[in-house]
2 protein chains.
Amino acid sequence: MVSSIAELISDRIGAMPAGERRAAQTLIANYPLTGLKTVAEFSAAAGVSSPTILRFVARLGFQNYPEFQSALQDELAAQLQSPASRTLNPGSAGGAASPMLEATLDNLRETFRHLTDKQLTDIAARLAERRGKTFLIGGRFTDPLARYMAAHLAIIQPDVYHLAGQESIWRDRLIDMGKRDVLVIFDIRRYQESLVRFAEKAHHRGVQIILFTDQWLSPIARFARHVIAGRTAVPSAWDSSAALFVVAETLIGAVTRQLEAAGAKRIRDLESLR
Amino acid sequence: MVSSIAELISDRIGAMPAGERRAAQTLIANYPLTGLKTVAEFSAAAGVSSPTILRFVARLGFQNYPEFQSALQDELAAQLQSPASRTLNPGSAGGAASPMLEATLDNLRETFRHLTDKQLTDIAARLAERRGKTFLIGGRFTDPLARYMAAHLAIIQPDVYHLAGQESIWRDRLIDMGKRDVLVIFDIRRYQESLVRFAEKAHHRGVQIILFTDQWLSPIARFARHVIAGRTAVPSAWDSSAALFVVAETLIGAVTRQLEAAGAKRIRDLESLR
DNA sequence: CAAAATACGTAACATAAGATACAGCGCTCC
DNA sequence: GGAGCGCTGTATCTTATGTTACGTATTTTG
């Protein structure tokens, strides 16, 4: 049995022509609001013509557009009256996504529970402090996180470098690093030998290391000035980096705030370069 | 300042004539649904005539009925998009990290609320279906997500390629793409012209496109077979990719499960190569 | 209690909404 | 490469929705 219209749509979205599928996707994207507007507005939002919307509605089994809207309204009414059911889509409540999502939400909460506000502020201050350069590097699966963070930091301040490619390449960059510089490392199980070696050498050169790792702590923690331990356990064969990702975003936010004045100017300058 | 229309009504309900007061009470009774219906339905529900409804709406300060409805819809949209962040994590109030984390948790819940289990399963099936190749690409800030997903997918199946570097480089890879292939694109505001062009060309070659975007839908949605719309709003100048990241991880998990048998063997083989 | 003012509903109107017919286009299949 | 089918958009039409004018009822006030 099909309980919600959203469900009905995703059931049939596969058997729809391109235009109607766009309509479906637009509706799902912010459900159910688009469906409560007029046909003209709906069609404009989806980028198709009005008849396509009507055909889409007809394909879902409704006689006409008002009938479709009534159905949406009834559904909304039911949802608004039992706020408990609002927490999650009933379709995905028992589905495959749920355990994964639940685990991730738990990881996030747990990670931030063990993370004091002071820690974040300190690290952000260290990153915002523009005395030296900032380098970022990650392991096999966490390198994208380093990239992501580098891309954002590079916007609000100069001298941000992501170390990529061959081990030999970033090893050679060591020569540019000194006491005033910061090295952000992402390393979760299984910890990478090459990263540990790199971290050790950087540490000996006096580089300040900020480590993103899992709750079991990479051996790099030994050399790190700041350690962020994220929860990574999810019901799967591999480890989740979601918690670390969110911490990274939070830090980016904190740094942005600290650099407000200088950062804003820099962003304006960047805009004008385009 | 009056934030919600409900508040506005209860402010002025004292100064209303009997008929309009009935209208007000009816609307409040199951707010805001009655207000989204037609004037005729509203008047029937309240047991008054249509002009009374219009006078009521006018008294609230709206020029006409559609304007009133738009206001209700906007309010509803705001309500639906930040579902009760206060219900969860009441303990962690206060810190600098908190607003960011709250927003991210909301984004996650909301993103998955709009994502049916069937959608995820379908997309995972498409990715697990080893008929052709899988290409992944992302925009300026989302490219790391493409990398991350590529790194994981590459472990459990062959023919997974991340498109990196110069636009000209990946444009040339188009020549390798055909009907049997899948292209995963990450694109959030501000949508990248180059990616749209690339998607269009790939689409014309018959490539199946899976799009990760924000709730406003990248123009690429037009060419996409599957669209995943994540919430990106956080209290900061930029957009958060955390929700998309978690969806990506969930998908990786789903694909892993579908490829269980074949994937396990592949992982063992990889291990023995080290 | 009477007179005035206000509120309300009926009915006619204008407008904008949804529905439909049709032609062009792209796609698929021979 | 050509014929057929199906999808999509433009333009037209129809419906019903929101709006307004006006007369009646009701309440309020002197």
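Throughout, protein chains are lettered first and strands after them, A, B, ... in sequence-line order, and every chain is numbered starting at 1. Here the structure is a predicted model, which means the values were calculated and not measured.
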On DNA chain C, nearest-nucleotide positions of B:His204 versus B:Ala18: which is more 5'? B:Ala18

Pairs under 3.5 Å (N/O, protein and nucleotides 25-30 of chain D):
none

Going by heavy atoms in the side chains, are A:Ile5 and A:Leu72 under 4.5 Å from each other? yes

According to the interplanar angle, ranging from 0 to 90°, do the rings of B:His152 and A:Phe141 count as parallel (below 30°), tilted (30 to 60°) or perpendicular (above 60°)? parallel

Check whether more than 12 heavy atoms from other residues, nucleotides or ligands sit under 6.0 Å from atom CZ of B:Arg147, and answer yes or no. yes

Student check: side-chain heavy atoms of B:His204 and B:Glu200 closer than 4.5 Å: yes

Table of protein N/O atoms under 3.5 Å from nucleotides 13-21 of chain D N/O atoms:
{"residue": "D:dG18", "atom": "OP1", "partner": "B:Val39", "partner atom": "N", "Å": "3.3"}
{"residue": "D:dG18", "atom": "OP2", "partner": "B:Val39", "partner atom": "N", "Å": "2.7"}
{"residue": "D:dT19", "atom": "OP1", "partner": "B:Tyr65", "partner atom": "N", "Å": "3.2"}
{"residue": "D:dT19", "atom": "OP2", "partner": "B:Tyr65", "partner atom": "N", "Å": "3.2"}

Please check if the number of heavy atoms outside B:Ile169 that lie under 6.0 Å from its CD1 is greater than 12. yes

Identify the two heavy atoms, one from B:Thr250 and one from B:Leu120, that lie closest to each other, and give their separation to 0.1 Å. CG2-CD1, 4.2 Å

Under a 4.0 Å threshold between the charged nitrogen and the carboxylate oxygen, would B:Glu129 count as salt-bridged to B:Arg126? yes

Are B:Arg231 and B:His114 close enough that a side-chain donor and a side-chain acceptor fall under 3.5 Å? yes

Atom pairs under 3.5 Å: protein N/O with N/O of nucleotides 4-6 of chain D:
none

Mind checking whether B:Trp170 and B:Phe198 have parallel, tilted or perpendicular rings, split at 30° and 60°? perpendicular

Passing candidate, side chain to side chain donor-acceptor pair (under 3.5 Å) with B:Arg109, options B:Asp106, B:Asn107, B:Thr111: B:Asp106

Polar side chain donor-acceptor pair, B:Asp214 to B:Tyr191, under 3.5 angstrom: yes

For the residue pair B:Tyr148 and B:Phe245, categorise the inter-ring angle as parallel (less than 30°), tilted (30 to 60°) or perpendicular (more than 60°). tilted

Does one side chain, of B:Thr116 or A:Ser10, offer a donor that lies under 3.5 Å from an acceptor on the other? yes

So what does the secondary structure string of DNA chain C come out as, 5' to 3', with Watson-Crick or wobble pairs under 3.5 angstrom, [ ] for crossing and | for pairs with another strand? ||||||||||||||||||||||||||||||

What are the 5'-most and 3'-most nucleotides of DNA chain C lying under 4.0 Å from any heavy atom of chain B? C:dA7 to C:dT10

Given B:Leu251, B:Leu136, B:Ile220, B:Asp187, the one that forms side-chain contact (heavy atoms from CB on, under 4.5 Å) with B:Phe212: B:Leu251

By salt bridge (Lys or Arg N to Asp or Glu O under 4.0 Å) - contacts of B:Lys118 (at least two apart): B:Asp122

